[in-house]
Amino acid sequence: MDSPNSARFHLVDPGRHPGNTVGRGTAALRKAPKCEFIMSTLRESFGHDPVMVDEIVDTFAPVPHGVVVDATLGGAGHTAKLLERYEWMTILGIDRDAMAIEHARSLASRFGERLMVQQGAFDRIPEYLAARGIERISGALFDLGISSPQVDLAERGFSYRSAGPLDMRMDTTQRLSADDVVNGYDVDRLSDVIRQHSDERFARRIAQAIVAARPIRDTAELAAVVAAAIPAPARRTGGNPAKRTFQAIRIEVNNELNMLPGALEDAINATAVGGRVAVLSYHSGEDRIVKSVFAAAESRRQSAEASPFLHPSSERTFARRVRAAKRPSNVELNRNPRAASARLRVLERVGA
Ligand SMILES: C[S@@+](CC[C@H](N)C(=O)[O-])C[C@H]1O[C@@H](n2cnc3c(N)ncnc32)[C@H](O)[C@@H]1O
């Protein structure tokens with residue numbers, strides 16, 4: 001199955017893309033009427049089942065009152081639950097995706113000024129906070145990867161299940177798309193991307209098959225080429241054979257792993273003492289980064305700058321892990337199999 005990282009969003013199926021708009025490039029998304037149709041569909045039918053939502057809500061119960069950054073707003077499922085539960089909370093919701101932002105703006109009547117919305121990538125958190133005069137935050141939430149509406153719309157090109165353009169851009173104004181990676185990277189580069197971003201065993205064979213099949217015109221063709229490159233016995237295990245390669249190409253297109261460490265550090269540094277940073281990750285590459293940034297923050301000593309009352313030589317840690325990584329419950333997995341690979345890690349700024 002496709003594995004978007006938030007849970008289920010119930011979308012009206014927009015149907016198969018007409019033949020002349022499936023294919024190379026991303027022209028389909030630039031067509032205004034189609035875009036408006038998608039936007040209005042999303043406005044009307046976003047329904048959310050955010051991953052580990054009770055655990056996320058509980059995570060923010062003890063934090064100092066103020067602003068929480070939702071760095072991956074998506075369908076605002078977590079944000080809505082947090083705002084409903086904590087009257088004192090204001091959320092700055094960030095997303096690169098215009099559809100997510102559009103949807104969040106439609107929630108203004110429900111939450112008013114308690115929900116601030118920012119379109120952009122989460123590697124600019126300090127800038128977004130400074131622009132609003134926010135010095136310290138109560139914490140931050142990162143629910144990594146893509147959302148179900150992004151996957152469920154074939155037009156976005158994230159899905160190996162339906163024919164769509166080779167796109168996969170979260171921010172549809174950026175230049176690099178899946179088409180550039182699939183039809184443009186040389187075999188060595190493509191093979192590295194697939195191996196590094198998905199631990200795919202057959203990365204080189206897949207890269208060679210993709211290069212030999214060029215030009216590849218849409219996601220259905222790509223999925224078929226990938227499946228055929230994987231030896232038959234391996235193809236029969238572990239779900240759709242194209243899943244890992246699609247994940248790897250998506251990560252490459254959106255530069256997902258490169259911006260994560262800096263963004264996490266920025267969020268931790270902006271968090272007030274007693275505040276928390278929570279991260280939901282969905283594959284080993286993401287989780288390795290989260291673990292290593294959290295471990296570095298834990299081993300850091302509180303600086304005089306972070307706490308002016310502390311003697312610089314004092315041995316005080318900067319942050320602590322709230323608990324070991326947590327997985328969704330079986331009840332949640334039965335309801336929402338898309339949450340299967342989720343792992344929640346939480347870090348807390350330590351008090352003086
Ligand atoms: C898993 S979804 C979040 C779902 C959300 N928590 C909810 O409950 O509806 C991830 C979202 O983060 C966005 N995203 C991913 N990487 C991002 C980045 N580097 N900067 C900003 N947004 C990003 C995606 O566009 C997507 O909408």
Side-chain angles (χ1 to χ4, degrees), residues 2-11 38 42 45-57 59-60 68-85 91-104 106-107 115 117-128 140-153 156-158 167-174 176 197 247 250-267 278-283 285-286 289-290 328 332 336 338-344:
D2 293 314
S3 35
N5 301 336
S6 85
R8 235 172 270 149
F9 295 78
H10 312 288
L11 273 177
I38 292 170
L42 290 174
S45 57
F46 254 65
H48 323 294
D49 191 1
V51 171
M52 298 181 78
V53 69
D54 293 337
E55 290 87 342
I56 294 291
V57 168
T59 291
F60 289 98
V68 166
V69 170
D70 182 345
T72 51
L73 188 59
H78 289 111
T79 276
K81 288 283 181 205
L82 286 165
L83 289 174
E84 278 161 14
R85 176 71 73 86
I91 290 189
L92 169 59
I94 300 167
D95 207 291
R96 299 163 95 174
D97 193 309
M99 287 182 185
I101 296 297
E102 177 91 356
H103 170 67
S106 74
L107 300 177
L115 175 56
V117 177
Q118 173 71 56
Q119 184 172 3
F122 58 50
D123 61 346
R124 290 165 59 197
I125 289 175
E127 192 186 310
Y128 303 146
L141 168 64
F142 292 76
D143 179 15
L144 299 172
I146 44 174
S147 64
S148 297
Q150 289 167 323
V151 173
D152 291 343
L153 283 167
R156 302 297 304 267
F158 289 106
D167 191 325
M168 301 196 194
R169 296 168 304 164
M170 293 176 187
D171 172 358
T172 56
T173 64
Q174 78 170 41
L176 186 75
H197 295 341
Q247 172 188 299
R250 185 204 91 209
I251 289 172
E252 174 71 7
V253 168
N254 296 288
N255 193 22
E256 289 177 41
L257 300 187
N258 288 340
M259 59 171 87
L260 184 56
L264 288 176
E265 274 172 34
D266 285 341
V279 187
L280 278 163
S281 64
Y282 297 85
H283 60 84
E286 287 172 347
I289 292 173
V290 180
E332 174 162 3
N336 176 23
R338 282 176 166 181
S341 56
R343 197 179 290 230
L344 172 64

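Each ligand, and each atom within it, is numbered from 1 in the order the structure gives.
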Quiz item: Between L144 and ligand 1, which residue portion shows a heavy-atom distance shorter than 4.0 Å: side chain, backbone, both, or neither?
Solution: backbone
Self-check item: Shortest non-hydrogen contact from R156 toward T172
Solution: NH2-CG2, 3.8 Å
Quiz item: Nearest heavy atom to atom 10 (C) of ligand 1: which of S148, S147, G145 does it belong to?
Solution: G145
Quiz item: With respect to atom 8 (O) of ligand 1, which of H78, R169, Q150, M99 exhibits the smallest heavy-atom separation?
Solution: H78
Self-check item: Within reach of ligand 1, part of A71 (heavy-atom separation under 4.0 Å)
Solution: backbone
Self-check item: Short side-chain to backbone donor-acceptor contact, H78 and V51, under 3.5 Å
Solution: yes
Self-check item: Carboxylate-amine/guanidinium contact R169 D171, below 4.0 Å
Solution: no
Quiz item: Is M170 touching ligand 1 with its side chain, its backbone, both, or neither, if touching means heavy atoms under 4.0 Å apart?
Solution: side chain
Quiz item: So, does L73 sit close enough to ligand 1 that a heavy atom of it is under 4.0 Å from the ligand?
Solution: yes
Quiz item: Hey, mind stepping through D152 and R338 against salt bridge (Lys or Arg N to Asp or Glu O under 4.0 Å) and telling me if it holds?
Solution: CA-CA 12 Å; D152 291 343; R338 282 176 166 181; 3.1 Å; yes
Quiz prompt | Contact atoms of ligand 1, heavy-atom distance to G75 under 4.0 Å | solution = 7 (C), 9 (O)
Self-check item: Y282 backbone acceptor or donor facing E286 side chain under 3.5 Å
Solution: yes
Quiz item: Using heavy atoms and a threshold below 4.0 Å, how should the contact between T79 and ligand 1 be classified: side chain, backbone, both, or neither?
Solution: neither
Exercise. Can you see which heavy atom on E252 is nearest to which on L176, and at what distance?
Key: O-CD2, 3.9 Å
Quiz item: Which option out of I146, D95, N258, I125 puts a heavy atom nearest to atom 24 (C) of ligand 1?
Solution: D95
Quiz item: What part of V51, side chain, backbone, both or neither, has a heavy atom within less than 4.0 angstrom of ligand 1?
Solution: neither
Practice problem: Verify, without hydrogens or angle tests, whether E332 (side chain) and V53 (backbone) share a donor-acceptor contact under 3.5 angstrom. | Solution: no
Quiz item: Would you say A121 and ligand 1 have an N/O pair spaced under 3.5 Å apart?
Solution: no
Quiz item: Between the main-chain N or O of M168 and the side-chain N or O of N254, is there a donor-acceptor pair closer than 3.5 Å?
Solution: yes
Self-check item: Heavy-atom donor-acceptor pair, Q150 side chain to M170 backbone, under 3.5 Å
Solution: no
Quiz item: For D97, is at least one N or O under 3.5 Å away from an N or O on ligand 1?
Solution: no
Practice problem: Find all atoms of ligand 1 within a distance of less than 4.0 Å from any non-hydrogen atom belonging to A76, and give their numbers and elements. | Solution: 7 (C), 9 (O)
Quiz item: Between D123 (side chain) and A263 (backbone), is there a donor-acceptor pair under 3.5 Å?
Solution: no
Quiz item: Is the closest heavy-atom distance from E256 to ligand 1 below 4.0 Å?
Solution: no
Self-check item: For P50, atoms of ligand 1 separated by under 4.0 Å from a heavy atom
Solution: 8 (O)
Practice problem: Using a strict 4.0 Å cut-off to heavy atoms of G77, name the atoms of ligand 1 that fall inside it. | Solution: 7 (C), 8 (O), 9 (O)
Exercise. Say whether, by atom type as modelled, one donor and one acceptor occur between the side chain of S341 and the main chain of H283 under 3.5 angstrom.
Key: no
Practice problem: Could you list the atoms of ligand 1 found under 4.0 angstrom from a heavy atom of M259? | Solution: 19 (N)
Quiz item: At a 4.0 Å threshold, what atoms of ligand 1 neighbour a non-hydrogen atom of G120?
Solution: 20 (N), 21 (C)
